[in-house]
Amino acid sequence: MAERITPRSENYSDWYVDIVLNAQLADYSPVKGTMVIRPRGYAIWERMQSALDTMFKETGHQNAYFPLLIPESFLKKEAEHVEGFAPECAVVTHGGGEELEEPLVIRPTSETIIWSMYRKWIQSYRDLPLLINQWANVMRWEKRTRLFLRTTEFLWQEGHTAHASAEEAREETLRMLDVYRCFAEEHMALPVLTGIKSEAEKFAGAVDTYAIEAMMQDKKALQAGTSHFLGQNFARAFDVTFQTADGALDHVWATSWGVSTRLIGALIMAHSDDRGLVLPPKLAPTEVAIVPIFKNQNRTEVLGYADRLHQTLKGSYRVVLDADENNSPGWKFSQWELFGVPIRIECGPRDMQNNQVVLVRRDTGEKLPVAAGAAPQRIAELLQQIQQALYDRAHAFRQANTRDIDNYDDLVAFFEGDGGFARVAWSGSPEAEARIKDDTKATIRVLPFGNQEQAAGKRCIVTGEPARHVAILARSY
RNA sequence: CGGGAUGUAGCCUAGUGGCUAAGGCGCCUGCUUUGGGAGCAGGAGACCGGAGGUUCGAAUCCUCUCAUCCCGACCA
């Protein structure tokens, strides 16, 4: 029998690991905390990259590549930055059989090396804005790792932009946050909250950190992407100045923003079920799997029928024909479900007689017989419906598990129970934030856009002081 | 970095001092099958995580060590 997937209800962590391993997305590799992204997982990443890269280009960015190794001294130039990252840096001390003059840090992020270069490339306001993105691997020595969600090495993209004014840099920060929101919603079918992070949760070295935040099926929050307004912090640290149109000298304004292979973890935890992976059609490496059902006496005919269907669909869809003769149809059904293929097409002798095929939705299991000639059109519609249904289901789930709470005891009870997202009024005091964390293990995920004005007239859930913010609280990954 | 658990064939597991380490899945060969994880027959595959020790004898007991997973403190 095939591998059993631990049901979500039994153990969510085990379920997650079972999905990743059995759907062949990734595998553990020999070094603690590192993993191999297998072809089925990497193909998803490639689709993510392709969609995001297009969006980055459409917003005026260019790709470049900066080196993996960063002089240790660079990290130390920005005070908060070094404090934030020093504990999780891997450091190269030897090369070519000799101890290095200066240790080299394996990048945990590239602000420092990039700004050291921007110093050379930026002299005038005419050189701005400078809009660069890089696709790269980074390394953060995490104490505790989880496949895709937090590994020692991971793949991501990091955008680093330089601007002549604070306003422009802020605009850029929000523009890219919106690109992430759009990508999450439209491609990943993942509803996200957008907003700003609290002081405690922001990026080391940023003035403001914005994030998209999603709810997973266990009601925990996952930060799916961040966009930072860096102010002039890195420009000052690396002495990056430019001459303005009126001849003055000013430090450059900066942003950085990134999403990582963690998004694959988000995808899994948002949509998949106890039968295996469920992928939104737009990111599914294979959209359609054709499973012919034949007996010995009609093998040639049925395979021919399936093959003609395959030929018909090949030009328009990412489709595979599973013509293997050893595994039973039932086995193949389970297998393609495990792999998360959005639509399976069953075609057997009965279908052939009726000149039809059976489309099976991965998300609902629903079986839909359709005339063979209508299949291409129906598939297009169905893929869209599945994409939308996944989004709607995730959105409804988040709505159902988000509660407005205005009493501290209720808040504590909420997180002692099933938990979810708690929407509360908050004074802005770090002490209040810390107390919530101590008492509930929940943190401020985001101060969401759109309803901050609702804080007016309310009192902080912890201190009772006048509230200045609406905060979303949740336990998180 | 603390707490817990586990390392026996590709995977899962049995074996808790005594013959040649057992079974299931998977894999290979052949036949038969195929509308929800098929059947039969045959076959390959393990220095039992590593090192040291106790013993006539160790997968099994002891010591050390390594690795991984899970739960907490820290984080894309």
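Atom set for the values below is all heavy atoms of this structure, side chains included, hydrogens, waters and symmetry mates excluded. Order of the sequence lines sets the chain letters (A, B, ...), proteins ahead of strands, with each chain counted from 1.
- When the P atom is compared between B/C40 and B/C25, the two are found 9 Å apart, to the nearest whole Å.
- Among B/U34, B/A76, B/G35, the nucleotide with an atom closest to any side-chain atom of A/Pro349 is B/G35.
- If you check every strand for non-hydrogen atoms under 4.0 Å, A/Tyr28 touches sugar and phosphate atoms only.
- Distance check on atom P: B/G52 versus B/U60 gives 14 Å, rounded to whole Å.
- Using C1' as the reference atom, B/C27 and B/C12 are 15 Å apart when rounded to the nearest Å.
- No engagement by A/Asn11 is indicated, since no non-hydrogen atom pair under 4.0 Å with the nucleic acid exists.
- Both tests hold for A/Arg40 against A/Phe339: distance to the six-membered ring centre under 6.0 Å, angle to the ring axis within 45°.
- Taking only side-chain atoms of A/Val17, from C-beta outward, the nucleotide of B/C70, B/A38, B/G35 with the closest atom is B/C70.
- A/Gly258 comes within contact range of no nucleotide atom at all, as no heavy-atom separation falls under 4.0 Å.
- Within the 4.0 Å cut-off from OP1 or OP2 of B/U34, not a single side-chain nitrogen or oxygen of A/Ser328 is found.
- Remark: RNA chain B takes part in the stems B:1-7 with B:66-72, B:10-13 with B:22-25, B:27-31 with B:39-43, B:49-53 with B:61-65, each of 3 or more antiparallel Watson-Crick or G-U pairs, criterion distances under 3.5 Å.
- Distance noted for atom P between B/G18 and B/C1: 39 Å (whole Å).
- Minimum atom distance to the side chain of A/Ser13 is reached by B/C70, of the listed B/A76, B/C70, B/G36.
- For A/Trp331, the side-chain atoms get nearest to B/G37 when compared with the rest of B/G36, B/G37, B/A76.
- As judged by a 4.0 angstrom heavy-atom cut-off over every strand, A/Arg144 is placed among the base-contacting residues.
- Separation of the P atoms belonging to B/A76 and B/C64 is 38 Å when rounded to the nearest angstrom.
- In the set B/C71, B/A76, B/G35, B/G35 carries the atom at the smallest distance from any side-chain atom of A/Glu346.
- In terms of phosphate contacts, A/Lys295 brings a side-chain nitrogen or oxygen within less than 4.0 Å of OP1 or OP2 of B/U34.
- We find that CD of A/Glu88 is positioned 13 Å from P of B/C74, with the value rounded to whole Å.
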